[in-house]
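Counting starts at 1 for both ligands and their atoms, in listed order.
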Amino acid sequence: MTHEDYLGRVTQYIKASDDELAQFKAITSYHAGKYDEDASWQSLNQYVTENENSRGCVAGHRNRVYYMALPPSVFVPVAKGLKKNVYAEDGVNRLIVEKPFGMDTDSSNDLARELGALFPENEIYRIDHYLGKEMVKNVMTMRFSNIFFSQIWDRKYIDNVQITFKETIGTEGRGGYFDDFGILRDVMQNHLLQVLSLIAMERPISTESEAIRDEKVKVLKCIPPISADDALLGQYVAANGKPGYLDDDTLKNKQSRTPTFAALTLWIQNERWEGVPFIMKAGKALDSAKVEIRIQFRNVAGSLYKGAPRNELVMRVQPREAVYIKFNNKQPGLSYSTIQSDLDLSYHDRFTDMQIPDAYESLILDVLRNDHSNFVRDDELETAWKIFTPLLHQIDQRADLPLHTYPYGSRGPAELDAFVRKYGYDRSNANYSWPVQSVSHVNSSNKL
Ligand code: BG6
């Protein structure tokens, strides 16, 4: 690539004014080399050093951030090349690593060992961009700064938890990458498990990064490996003029049994959560695009208002961030019917002047600030892999695990509703859908 080709590539999707784009291009350089050749790294080092010198960078302030968004097979050669030839002895060095961090417990541990021999843990930032999303960062604030949540956040009040990830696009053009990983490795073992750990962890002793990460690891250690009985797997097929997963040109194995959809139930064996199913659902080529956390509370014991639906707390991660609580209320007016309404904190209505940064924007700033809270620690990663590895190996090796098909653009496999019901999710008020437009659909059978 030429320098110009490079600039064209990296700026093609940036939404910015011409002036901003010109400023960005002026500070962006392209320097090519080979991953496994010292001479390439030395020439990079020289290039960076000259750049630092030209900006008046003095000794002790050669602070360098390396960002490895690379195929995992070259993580170690690149980290070696950097450490040997580019590492600033008179400054701060930080290494950002993009997933995938291995394929299972063993390969991840191997990678961790090799990287750990080169860079100490406090210089490594394993990025999981879900931890940079506004609503994910809000989980701790919401849980630990509201007294009513701290009191009802356990098995006594919560019936089930669902964490849902839906995308409307398939794997078109990314089939080569995706087929080795599947939906479990692509978004569940990392993004959704991170969300789960924030919902389920105990209160950290402080907001220091190690205090938070200690609690996340602790709760993950209480989760046994996911059983195949608690898994529903699917793969999309052609529909609505869209190709099926196996039709993708970039897919080499045309018999692939890689799941593009999964619903998995995880159990946390501790005093707070014993018996509460945490259901993760994730899929490509579905009917809508959204990510949300849904906490369904138990029925009111001895309720005066029979048939009143359960309360739910929903954190809408994307699109259009919101927190809302499904809430029962007397129908206003002369009637004594119970209606379900909501307490709705929709960000775009409430925080109208606020611009929410992109997850990566916020995480890169965290790296510059040396804040590890929203990055994955080595022991956390290992624990996360232990929860998923046995099931992943079964999926990789056993042809007899059921793989349900679903049409491109649908809600997922037909078996999904029964799967979620099996774990107690009660969709008792199918009339309600958020955001509520009007309350004209009152269910009169809910009368006292
Ligand atoms: C990535 C996965 O990590 O996350 C993709 O590799 C997925 O397959 C993406 O589409 C989702 O991220 P976001 O921010 O668009 O929800």
Starting from atom 1 (C) of ligand 1, locate the nearest protein heavy atom and write down its residue, its atom name and how far away it is, to 0.1 Å.
His191 NE2, 3.6 Å

More than 12 heavy atoms of other residues, nucleotides or ligands under 6.0 Å from CZ of Arg143: is that the case?
yes

Ranked by distance from atom 16 (O) of ligand 1, the top protein heavy atom is Tyr130 OH, 2.4 Å

Any side-chain donor-acceptor pair under 3.5 Å between Asp366 and Asn374?
yes

Show me which atoms of ligand 1 lie under 4.0 Å from any heavy atom of Lys284.
5 (C), 7 (C), 8 (O), 10 (O)

Does Phe178 come within less than 4.0 angstrom of ligand 1, counting non-hydrogen atoms of the residue?
no

Any chance the side chains of His3 and Ser29 put a donor and an acceptor closer than 3.5 Å?
no

In this structure, atom 2 (C) of ligand 1 is nearest to the protein heavy atom Asp186 OD1, 3.3 Å

Hey, are Ser346 and Asp344 close enough side-chain-wise for a donor-acceptor pair under 3.5 Å?
yes

How close do Asn328 and Gln340 get, counting heavy atoms only, and between which atoms?
OD1-NE2, 3.7 Å

Selection from Arg185, Lys99, Glu98, His129 by shortest heavy-atom distance to atom 4 (O) of ligand 1:
His129

Flag for Arg298-Asn160: side-chain donor and acceptor within less than 3.5 Å
no

Report, in ascending order of atom number, the atoms of ligand 1 lying under 4.0 Å from any heavy atom of Gln318.
13 (P), 16 (O)

Contacting atoms of ligand 1, where contact means under 4.0 angstrom from a heavy atom of Glu167:
7 (C), 10 (O), 11 (C)

